[in-house]
Amino acid sequence: MTVTRVLVVTAVAAERDAVVAGVAGDGAAAGDGGAEIVALPAGGYALHRVRTAAPPAPERAGVVLDVLAAGVGPAAAAAGTATALTAGTCAGAGYDLVISAGIGGGFAPGPDADGPGAAVGSTVVADAIVAADLGAETPDGFLPVTELGFGTVVHTPPPALVRALVAATGAACGPVLTASTVTGSAEHAARLAARHPRALVEAMEGFGVAEAAAAQGLPVLEIRTVSNPVGPRDRAAWRIGEALGALSAACAALPRVLAAAGAPTSWRTP
Ligand SMILES: O=C(O)c1cccc(C(=O)CC[C@H]2O[C@@H](n3cnc4c(=O)[nH]cnc43)[C@H](O)[C@@H]2O)c1
C-alpha cells in the first residue's frame with residue numbers, strides 16, 4: 001500500500017488544532033488528541049502528525065498529514081514550509097502535497113459579480129493563490145512584480161484535486177489573495193476587488209506556502225474559512241470560533257478525498 005504524505009501549514013496554533021480535530025475525526029488512526037508531535041531538526045518547529053487508517057481496497061492509499069503552525073504572514077509561512085519540506089526529504093519521507101489552511105476575510109460580491117462572494121462561516125477552496133501586494137506603486141497605480149520582470153504572482157492548484165475537494169465539502173471555489181497587511185478600509189477592499197474581480201478571500205499566508213512548495217516541485221492547495229468580511233476593521237466582530245469549526249469540517253474530508261484522488265504524481269503541474 002502506498003502512503004500519501006501531506007504537509008498542512010496554518011498560521012496559528014488554533015488553526016492547526018482545528019485542522020487536526022477535523023482530520024482525526026474522520027477515521028484517523030492516531031493516539032490521544034488525534035496527533036503525534038514530531039519536532040523538526042531545525043527552527044523550533046513542531047509537526048502535529050495524523051495517520052489515517054488505510055481504506056480497505058488495496059489499491060487505495062493511506063494518508064499521513066503533518067500539520068504545522070508556521071506563523072502569521074507570507075514570510076513566516078514560506079520559512080516554515082520550506083523547513084518542513086526539506087526535513088521530510090532529508091529523512092527520506094518527502095511530501096506529495098502541501099496545503100495552506102486557515103481562516104480569512106471574505107469579499108462581498110462586487111457590483112458586476114455573478115457569485116455570492118464569501119460569507120462569514122463559509123468555506124473556500126482556492127483555484128488560484130494570488131500575491132495581492134507583491135509589486136510596486138506607480139503614478140498609474142499598482143504594478144505586480146511580473147510586470148517589473150520578476151517571478152510570479154499566481155500559483156494554480158491542481159484542478160482535479162480542487163474539484164474533488166469542492167465536491168466533498170460544498171465549498172465555494174475562487175481566487176484567494178495573500179496580503180501582508182489585513183485590509184482595514186472599504187476603499188482598499190474596493191481597490192483589491194477591482195484588481196481581482198473573482199477573488200473570494202483575503203488571507204496572509206497562501207502565497208508564501210505556495211512559493212515554498214513550488215521551489216520543491218510540489219503541488220499546493222489553499223483552504224480558507226471566513227471569519228470576517230474584508231473591509232473596515234472591526235476585530236471584535238470576527239467570528240473566529242465559527243470559522244475554526246468550519247475549518248475542522250472541511251478538513252474532515254481531506255483523508256477520503258486524497259485517498260480517492262489517484263497517484264500523487266498526477267497532481268503535479270506538467
Ligand atoms: O485570537 C484567536 O483565537 C485566533 C484564532 C485563530 C486565528 C487568529 C488570527 O488572528 C489568525 C490571523 C490569520 O487570519 C487570517 N485572516 C483572517 N481574516 C483576515 C483578513 O480579513 N485579511 C487577511 N487575513 C485574514 C490571516 O491569514 C492571518 O494569518 C486568531
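Remember, predicted model here, so these are calculated numbers, not experimental data. In each ligand, atom 1 is the first atom listed, and ligand 1 is the first ligand listed.
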Inter-residue atom distance L177.CG - D133.CG, 0.5 Å rounding: 9.5 Å

First locate atom CD of E202, then atom OG1 of T178, and finally report the distance between them rounded to the nearest 0.5 Å. 9.0 Å

State whether the side chain of S227 and the backbone N or O of I240 hold a donor-acceptor pair below 3.5 Å, judged by distance alone. no

Going by side chain to side chain donor-acceptor pair (under 3.5 Å), name the residues that satisfy it together with H196, two or more places apart in sequence or in a different chain. none

Ligand 1: which residues have a non-hydrogen atom closer than 4.0 Å? A11, V12, A14, V72, I103, G104, G105, V182, E202, A203, M204, E205, R224, S227, N228, R235, W238, I240

Which pairs pass salt bridge (charged side-chain N to carboxylate O under 4.0 Å, His left out) with one or both residues in residues 177-198, sequence neighbours excluded? D127-R198

Pairs under 3.5 angstrom only: tabulate donor-acceptor contacts from the side chains of residues 90-109 to other protein residues two or more places apart or in another chain.
unit_1 : atom_1 : unit_2 : atom_2 : d
Y95    : OH     : D66    : OD2    : 2.6
D96    : OD2    : R5     : N      : 2.7
S100   : OG     : R224   : NH2    : 3.3

